[in-house]
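Chain A is the first sequence line, chain B the second, and so forth, proteins listed ahead of strands; every chain is numbered from 1.
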There are 2 protein chains.
Amino acid sequence: MEEKLTMSVVPDLEVLFELADLFKVFGDSTRLRVMYALFDGELSVTAIADSLGMEQSTISHQLRVLRQNKLVRVRREGKQIYYALDDEHVEKIIQMGLDHVLE
Amino acid sequence: MEEKLTMSVVPDLEVLFELADLFKVFGDSTRLRVMYALFDGELSVTAIADSLGMEQSTISHQLRVLRQNKLVRVRREGKQIYYALDDEHVEKIIQMGLDHVLE
DNA sequence: TGAATATATGAATATGTGTTCATTTGTCAA
DNA sequence: TTGACAAATGAACACATATTCATATATTCA
């Protein structure tokens, strides 16, 4: 019942802005592809770029967005930097969206 | 277990574009506010605009986006047009996002 | 130290998008 | 039919953003 309560109460405008910002992160196909790539485990930047057939710079820019929104975590190993999903909600949010799209 | 399967399979690029488009809809605070306003039931365009303190035109433009993405349904009654949420997933998607934002 | 590799970053550009203003369309009642 | 009200629409503008290119930073190894 607690959950119902948090739903019906309209959050502060500030929280709504944060919420919109979060969904903006999911609202880009490149970032979605990156997140999907990370479903199976951590990957280096080059590995992600290669698997998507996109430029390293493009991926790096988008990884920064994911980082800033605390959706991925980073780990350095030698020259490479490995990214991994860092939020239990990511898959759930994407799945909810898919449920709608595939209705 | 079926659900796990749909998660791990990367959707077609086309589906990913649709998915990104869906999240774009949630990525705007005005549209989020409109959806929140409709949590309690259907409202006319003017009622929504008044409750948010925004212009009728602005709300009308955003309602069109929600309509195009099949997130609201429409019903005419005299001069007024009533909008209501038309998807079971809307509240779930927003709740998942909130869980992350409020962590 | 210097070369090679991996990643990040900044500037520039093109494209997308939210709001406003003015206008149109649709409905009802006199 | 005319006037009043509700909603939708289109053009214009300002602003945000994704990608590319060039370059900087960081790390390893010879």
Show every donor-acceptor pair shorter than 3.5 Å between a side-chain atom in residues 59-70 of chain A and any protein atom, with sequence neighbours excluded, or say none if there are none.
from: A/His61; atom 1: ND1; to: A/Arg64; atom 2: NH2; distance (Å): 3.4
from: A/Gln62; atom 1: OE1; to: A/Arg31; atom 2: NH1; distance (Å): 2.7
from: A/Arg67; atom 1: NE; to: A/Tyr83; atom 2: OH; distance (Å): 3.2
from: A/Arg67; atom 1: NH2; to: A/Tyr83; atom 2: OH; distance (Å): 3.3
from: A/Asn69; atom 1: ND2; to: A/Val65; atom 2: O; distance (Å): 2.9

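- Look at CD on B/Glu42: it is 12 Å from P on D/dA7, rounded to the nearest Å.
- With sequence neighbours left out, A/Asp99 forms a salt bridge (Lys or Arg N to Asp or Glu O under 4.0 Å) with no residue at all.
- Contact annotation for A/Thr46: backbone-only contact, meaning every heavy-atom pair under 4.0 Å involves sugar-phosphate atoms and none involves a base.
- To the nearest angstrom, P of C/dA6 lies 6 Å from CD of A/Gln80.
- The distance from atom CG of B/Leu66 to atom P of D/dA7 is 15 Å, rounded to the nearest whole Å.
- Taking atom CD1 of B/Ile48 as the reference point, atom C1' of D/dA7 lies 11 Å away to the nearest angstrom.
- Not one side-chain nitrogen or oxygen of A/Tyr83 sits closer than 4.0 Å to the OP1 or OP2 atom of C/dA6.
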Footprint string (nucleotides 23-30 of chain C, 5' to 3'): B base within contact, S backbone only, - free, heavy atoms under 4.0 Å: ---BBS--

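- Annotation for A/Val34 and A/Ile48: closest pair CG2-CG2, 4.0 Å, computed over non-hydrogen atoms.
- Here the shortest heavy-atom pairing between B/Tyr36 and A/Val9 reads CE2-O, 4.0 Å.
- Between A/Met54 and A/Arg33 the shortest side-chain heavy-atom distance falls below 4.5 Å.
- At least one side-chain heavy atom of A/Phe39 sits under 4.5 Å from a side-chain heavy atom of A/Leu85.
- Look at CZ on A/Arg75: it is 17 Å from C1' on D/dA26, rounded to the nearest Å.
- A/Phe26 has its CZ atom 18 Å from the C1' atom of D/dT17, to the nearest Å.
- If you check D/dA30 for Watson-Crick or wobble pairing at under 3.5 angstrom, you find it paired to C/dT1.
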Give the table of side-chain donor-acceptor pairs shorter than 3.5 Å for residues 12-26 of chain B, with sequence neighbours excluded, one pair per line with atom names and distance.
from: B/Asp21; atom 1: OD1; to: B/Lys24; atom 2: NZ; distance (Å): 3.3

N/O contacts under 3.5 Å, protein versus nucleotides 14-20 of chain C?
from: C/dG18; atom 1: OP1; to: B/Arg31; atom 2: NH1; distance (Å): 3.4
from: C/dG18; atom 1: OP1; to: B/Arg31; atom 2: NH2; distance (Å): 2.8
from: C/dG18; atom 1: OP2; to: B/Arg31; atom 2: NH1; distance (Å): 3.3
from: C/dT19; atom 1: OP1; to: B/Thr30; atom 2: OG1; distance (Å): 2.7
from: C/dT19; atom 1: OP2; to: B/Gln62; atom 2: NE2; distance (Å): 2.9
from: C/dT20; atom 1: OP2; to: B/Thr58; atom 2: OG1; distance (Å): 2.8
from: C/dT20; atom 1: O4; to: B/His61; atom 2: NE2; distance (Å): 3.1

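- Remark: A/Leu52 CG to A/Ser29 OG distance equals 10.0 Å, nearest 0.5 Å.
- Residues passing the salt bridge (Lys or Arg N to Asp or Glu O under 4.0 Å) test with A/Glu103: none are found, sequence neighbours excluded.
- Computed from coordinates, the B/Leu43 CG to D/dA6 P distance equals 15 Å when rounded to whole Å.
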